[in-house]
Amino acid sequence: MTTSDITLAARGADTILPPGRLEGLLESGRSLRVKLGLDPTAPMVTLGWAVVLRKLRHFQELGHTAVLIVGDFTARVGDPSGKSETRRRLTADEVRSYAKPLLDQFQRALLPEPLEIRWNSEWLEALDMSEILELASTVTVAQMLERSDFANRYSEGTPISIMEFLYPLLQGYDSVAVEADVELGGSDQLWNLMMGRIIQTRYGQEPQVALTMPLLTGTDGRQKMSQSLGNYIGVTEPAAEIFGKTMSIPDHLLGEWFRLAADRPAEEVDQILEGINSGRLHPAKAKRLLGKRIVSLYWGEEKATTAEADFDQRFKHREVPQDAPPFAMPTDDPVYLPGLLRSSQLAPSASQGRRLIDAGAVRIDGEQVQGYEIARARLVRKTLTVGKRRSVFLRN
RNA sequence: GCCGGGAUACCCAAGCGGCCAAAGGGAGCAGACUGUAAAUCUGCCGGCGAUGCCUUCGGAGGUUCAAAUCCUUCUCCCGGCACCA
């Protein structure tokens with residue numbers, strides 16, 4: 001039993017420190033407090049964030065308590081991890097507007113029990129100056145400058161504010177506040193998690209185990225998944241969308257995505273990769289399986305099957321989508337198509353709409369359109385598509 | 001504080017009086033080919049009911065028939081020096 005516990009707990013992990021300690025904790029039979037802190041800095045939970053959330057869920061499945069910290073305070077400070085310049089600080093309003101929808105999405109990825117949700121403004125806002133000084137005395141400037149992101153910025157002369165030095169301390173203090181036995185994070189968080197150990201020790205607590213997960217590569221296959229880069233998939237996106245976007249990832253991501261995004265066990269992943277390498281399994285087939293697995297996690301098995309069928313209809317056979325959102329047409333006749341493309345959000349501007357028409361990207365019920373003036377009768381109750389992804393159904 | 005360099009579209013970056021809605025690259029979008037993959041090729045990539053008009057080259061003002069380009073001033077960045085330690 002313990003062996004399989006450890007297998008699940010460590011599955012997919014990038015780094016677990018200190019060595020052997022996690023095994024010790026799991027064997028102790030004690031119910032552990034497993035901390036995951038997420039700053040509400042963007043409005044959506046992507047598959048990237050979901051990687052650590054899934055990891056937290058593993059611990060829940062093993063009966064341990066998930067302590068999810070909403071970093072409403074730390075989001076206003078700005079995590080310097082992996083950054084080459086000062087992160088923009090969010091306002092309290094921005095944080096609040098993100099936090100609420102995020103919370104629902106977090107819970108979608110986790111089990112309802114055992115789960116503890118805390119907001120770190122609860123204790124961080126309450127710190128007074130003498131407590132902050134106490135906290136600040138735990139780490140030296142030299143220690144801070146060991147971090148590669150700070151070291152790079154320092155040597156390049158890019159400004160580092162003292163506030164940024166405070167960030168890891170606050171995160172570490174979170175661990176003290178919730179008495180974490182384990183803290184999870186992305187691999188860029190390792191330093192912060194280790195800082196938590198130092199701070200916990202200073203406050204007389206047993207230092208936590210730091211467990212980091214690799215950062216998921218985005219749909220572009222190059223950079224880390226992030227909302228600002230637009231290479232992401234959100235867990236609340238429609239099933240068909242998740243499936244479709246998954247199909248568009250480069251093949252070389254298959255292994256990583258099966259492991260991290262679909263959260264499959266190592267043996268299964270190896271088997272799939274072996275199948276691809278030996279030619280027994282076509283990469284497109286594997287990717288379909290991946291898409292279904294991912295959709296199942298957030299929408300269930302049934303929706304996953306539907307999503308796959310939709311995909312074939314839409315893209316493989318290039319059929320006109322049945323589920324295009326309706327859009328009420330203007331009453332003009334003839335209709336100025338570039339304007340319609342803009343007002344229906346199929347194109348950002350009428351000018352770009354024109355160019356899309358010129359490029360042959362615009363279709364009415366699957367038929368390419370030429371020209372800007374279209375008789376109203378040709379459009380009513382038809383589906384207007386731009387490219388393969390965007391479409392509306394034109395209501396009268 | 002002084003001297004010098006710089007700020008150009010989503011990002012990098014050319015342009016230094018008209019030929020500039022602004023080279024080139026990246027990103028993005030679309031088309032072809034595919035497995036909606038990658039790679040490749042092609043087109044587009046400020047707005048406008050549009051062979052023309054309007055708004056853009058850090059901000060404001062000016063010179064000029066004409067300014068991204070010249071002048072004044074302001075803001076911010078970068079390098080050097082000085083100051084402080």
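Chain naming here is simple, since letters A, B, ... match the order of the sequence lines and numbering starts at 1 in each.
Between A:Val235 and A:Trp299, the shortest heavy-atom contact is O-NE1, 4.1 Å.
A straight line from CD of A:Gln352 to P of B:rA50 spans 19 Å, rounded to a whole angstrom. Straight-line distance from the CZ atom of A:Phe315 to the C1' atom of B:rA37: 14 Å, rounded to whole Å. Counting to the nearest Å, the C1' atom of B:rG35 and the CG atom of A:Leu281 are 13 Å from each other.
With hydrogens and angles ignored, the 3.5 Å screen pairs a side-chain donor or acceptor of A:Lys55 with a backbone N or O of A:Arg11.
Within residues 242-254 of chain A, the residues that place at least one heavy atom under 4.0 Å from RNA chain B are, in residue-number order, A:Gly244, A:Met247, A:Ser248, A:Ile249, A:Pro250, A:Asp251.
Using a 4.0 Å heavy-atom criterion, one finds that A:Pro338 contacts no nucleic acid atom at all. Counting non-hydrogen atoms under 4.0 angstrom, A:Arg288 reaches nothing in the nucleic acid. Contact annotation for A:Asp332: base contact, defined as any heavy-atom pair under 4.0 Å involving a base atom. Residue-level contact check: A:Lys285 touches neither bases nor backbone, having no heavy atom under 4.0 Å from any strand.
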Are there any protein N/O atoms within less than 3.5 Å of an N/O atom in nucleotides 27-30 of chain B, and if so, which ones and at what distance?
from: B:rC29; atom 1: O3'; to: A:Arg390; atom 2: NH2; distance (Å): 3.0
from: B:rA30; atom 1: OP1; to: A:Arg390; atom 2: NH2; distance (Å): 3.3

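Counting only heavy atoms from C-beta on, A:Ala284 has its side chain closest to B:rG35 among B:rC44, B:rG35, B:rC48. Taking every side-chain heavy atom of A:Lys287 into account, B:rA37 is the closest of B:rC48, B:rA50, B:rA37.
With sequence neighbours excluded, the residues that form a side-chain contact (heavy atoms from CB on, under 4.5 Å) with A:Thr15 are A:Leu17, A:Leu190, A:Thr212.
Using atom C1' as the reference point in both B:rC29 and B:rG15, the two lie 27 Å apart (nearest Å).
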| How far apart are the C-alpha atoms of A:Gln171 and A:Gln189, what are their side-chain angles, what is the distance that settles it, and do they pass the side chain to side chain contact (heavy atoms under 4.5 Å, CB included) test? | CA-CA 10 Å; A:Gln171 182 171 338; A:Gln189 287 291 313; 3.1 Å; yes
